[in-house]
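Here is the structure we will look at.
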Amino acid sequence: MRPTGKLHIGHYFGALQNWVRLQNDPEYDCFYFIADWHALTSDYADTSAVAQNTIEIVTDYLAAGLDPKKCIIFQQSLIPEHAELHLLLSMVTPLSWLERVPTYKEAFENVKDKDLHTYGFLGYPCLQTADIVIYSQEGTPLVVPVGEDQVSHVELSREIVRRFNTTFGLEVDEAIGADEKAVIHVTYAIPKLPDLSQEWNALSLYRTMLRRYAAEIGVANFLEKMRPHERYFAFREKLTEPSVMLTKTPRIPGLDGRKMSKSYGNAITLSESDADIRAKTKVMKTDPQRQRRTDPGNPDVCPVYDWHKLFSPRNSSGEYSAEGKATLEWAANGCRTAGIGCIECKAKMADHLIEWIAPVRERRLEYEKHPKRVLEVIDEGSKKARVEAQKTIGRVREAVFGWEKKRAEIGS
């Protein structure tokens, strides 16, 4: 998450709830971080709040139930390997890929108070990709838990990684130049290849064009086409292509019915007081058809009923308790028949929201009293994350430059 300040209940149900579930699943090694470099892509003009906001978000992570003993919580800018991999990925990423990103176009259309004409903003998908794949581990799946609106971002990351792997992971043996049959076969499959016997840098061009062709049709398809001469080709994945773990999230409207957002001023933070919760929910938007107390309404279009579904009591298995089921039935029937008023409905929902948020807020207050503990979590988690990041960047450097191989040659 970008360090934009305290988190709200939309963040909890949209992401944190699932993150807590994943950290408790032994199948996964989880990495959760604060993307403070990403904050600069649009808010570089004023960075004064980034440090405090980072502490606020980690405090909310811990209050929501993330446990540094079960997952790694870290700060992006404390892992310089993210920036190095971002740089290397940017070398192979076509400009057109970045310019076609929907959120890039939308930002230019909608954001008028910031200058977004910077490489940092254009190139953030490369940094985002680096953030993910720096935690690649050979032979291990890499998954990103996201909602449907983020799937396209992960798909672009997959494309960038695919291009990187093809560029630096597909080896072409120079001995192919001496095999006339192989040259004829490859030239037939890929027109306009250079004549290996004529140009001084033909082998380099040959490799480049072969890799470009492999990137276009996919490495697996390329190797299949070259099977009669497969001894001249080798492929080893340098970075793991990330996969999407689609996370189903409940509908979480803001107080005014729009998407919940701090910028809209329609959110309830995880640190909200009881008094503020009651005051804010008292003026929540409801079904617009209920203009008078006696008008029947439709709970399916009412944000208050959406919140009833979030906060009505549940049992230990996550199912609605008897009280929770009774509350939902009371609210839905009362709305449809005008048996209850909106103020009464909001008050009952606020009771359950306050009951739900109390333990989260209590844990948060404890960390607020001891901010050093939060810093310790950030520092320790960042050290652990960097160990993993250094393993990946070591493989990547060798794939790009081959220094270990060169040093070994000179040493022998």
Side-chain angles (χ1 to χ4, degrees), residues 1-25 28 30 32-34 56-67 71 73 143-151 244-274 276-277 280-281 284-286 299-321 323-325 327-328 331-332 345-346 348-364:
M1 294 186 184
R2 286 161 52 119
T4 55
K6 294 179 178 180
L7 302 183
H8 53 65
I9 58 176
H11 291 119
Y12 179 83
F13 289 103
L16 287 171
Q17 183 180 49
N18 187 48
W19 292 6
V20 172
R21 180 184 67 80
L22 289 171
Q23 76 168 4
N24 293 324
D25 188 332
Y28 300 102
C30 299
Y32 302 124
F33 72 99
I34 311 302
E56 297 288 359
I57 290 186
V58 175
T59 301
D60 282 326
Y61 279 6
L62 297 168
L66 289 186
D67 184 347
C71 64
I73 301 170
V143 296
V144 190
V146 293
E148 287 186 5
D149 59 333
Q150 293 289 317
V151 170
V244 165
M245 177 188 284
L246 259 182
T247 304
K248 287 187 177 180
T249 57
R251 178 173 142 77
I252 318 162
L255 293 162
D256 58 3
R258 294 184 293 174
K259 179 181 177 181
M260 187 174 292
S261 170
K262 286 192 286 276
S263 60
Y264 292 157
N266 65 356
I268 297 287
T269 66
L270 296 176
S271 55
E272 209 83 54
S273 69
D274 290 358
D276 284 344
I277 288 173
K280 288 183 176 183
T281 55
M284 265 186 87
K285 186 175 180 179
T286 58
D300 296 329
V301 299
C302 179
V304 176
Y305 189 67
D306 286 321
W307 284 30
H308 269 297
K309 288 186 282 189
L310 292 175
F311 302 114
S312 291
R314 297 172 184 263
N315 56 34
S316 57
S317 62
E319 302 294 327
Y320 289 115
S321 64
E323 182 188 354
K325 291 176 182 176
T327 298
L328 291 174
C345 186
K346 291 174 185 178
K348 173 69 80 173
M349 181 275 293
D351 288 342
H352 288 150
L353 168 51
I354 288 169
E355 185 179 327
W356 173 86
I357 211 170
V360 177
R361 189 174 55 202
E362 186 178 343
R363 288 192 294 268
R364 195 185 202 288

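Values below: all heavy atoms of this structure, side chains included; hydrogens, waters and symmetry mates excluded.
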Checklist outcome for this item: One should read off an interatomic distance between M349 CE and I354 CD1, to the nearest 0.5 angstrom, of 9.5 Å

Item to check | Separation between OH of Y32 and CD1 of I57, rounded to the nearest 0.5 Å | outcome: 15.5 Å

Checklist entry - What distance do I277 atom CD1 and I357 atom CD1 have between them, rounded to the nearest 0.5 Å? => result 4.5 Å

Checklist outcome for this item: Residue set satisfying side-chain hydrogen bond (donor to acceptor under 3.5 Å, both in side chains) with T269, at least two apart, ordered chain then number -> S271, E272

Item to check | L310 to P250 - nearest heavy-atom pair and separation | outcome: CD2-CG, 3.6 Å

Checklist entry - Are W19 and P145 close enough that some pair of their side-chain heavy atoms sits under 4.5 Å apart? => result yes

Checklist entry - Could you walk me through whether K6 and D60 pass the side-chain contact (heavy atoms from CB on, under 4.5 Å) check? => result CA-CA 7 Å; K6 294 179 178 180; D60 282 326; 3.9 Å; yes

Item to check | Taking every non-hydrogen atom, the tightest pair across G257 and P303 | outcome: CA-CG, 4.0 Å

Next on the checklist: Could you check whether R361 pairs with D274 (Lys NZ or Arg NE/NH1/NH2 to Asp/Glu carboxylate O, under 4.0 Å)?
Outcome noted: yes

Next on the checklist: For the CD1 atom of I34 and the CE atom of M1, what is their distance to the nearest 0.5 Å?
Outcome noted: 8.0 Å

Item to check | pair W307-I268: side-chain heavy atoms closer than 4.5 Å | outcome: yes

Next on the checklist: If the condition is side-chain contact (heavy atoms from CB on, under 4.5 Å), which residues does N315 pass it with, not counting sequence neighbours?
Outcome noted: S317, E319

Item to check | Residue pair F311, I9: steps toward the side-chain contact (heavy atoms from CB on, under 4.5 Å) verdict | outcome: CA-CA 11 Å; F311 302 114; I9 58 176; 3.7 Å; yes

Item to check | Heavy-atom pair of closest approach, residues L16 and A64 | outcome: CD1-CB, 3.9 Å

Checklist entry - Is it true that D306 and K309 make a salt bridge, defined as a side-chain N closer than 4.0 Å to a carboxylate O? => result yes

Item to check | Gap separating the NE2 atom of H11 from the OH atom of Y61, nearest 0.5 angstrom | outcome: 9.0 Å

Checklist outcome for this item: Residue set satisfying side-chain hydrogen bond (donor to acceptor under 3.5 Å, both in side chains) with E323, at least two apart, ordered chain then number -> H352

Checklist entry - Going by heavy atoms in the side chains, are N266 and K285 under 4.5 Å from each other? => result no

Checklist outcome for this item: Heavy-atom nearest pair, A350 first then T281, reads CB-OG1, 3.6 Å

Checklist entry - How many angstroms lie between atom SG of C302 and atom CE of M284, to the nearest 0.5 angstrom? => result 7.0 Å

Checklist entry - Does the pair H308 and C345 meet the rule for a side-chain contact (heavy atoms from CB on, under 4.5 Å), with working shown? => result CA-CA 9 Å; H308 269 297; C345 186; 3.3 Å; yes

Checklist entry - Does any non-hydrogen side-chain atom of Y28 lie less than 4.5 Å from one of M245? => result yes

Checklist entry - What residues form a side-chain contact (heavy atoms from CB on, under 4.5 Å) with V20, not counting sequence neighbours? => result Q23, N24, L66

Checklist entry - Does Y320 have any side-chain hydrogen bond (donor to acceptor under 3.5 Å, both in side chains) partners at least two apart in sequence or in another chain, and if so, which? => result R314

Item to check | Test side-chain hydrogen bond (donor to acceptor under 3.5 Å, both in side chains) applied to T247 - qualifying residues, sequence neighbours left out | outcome: N18

Checklist entry - Got T286 and Y305 here, is their nearest side-chain heavy-atom distance under 4.5 Å? => result no

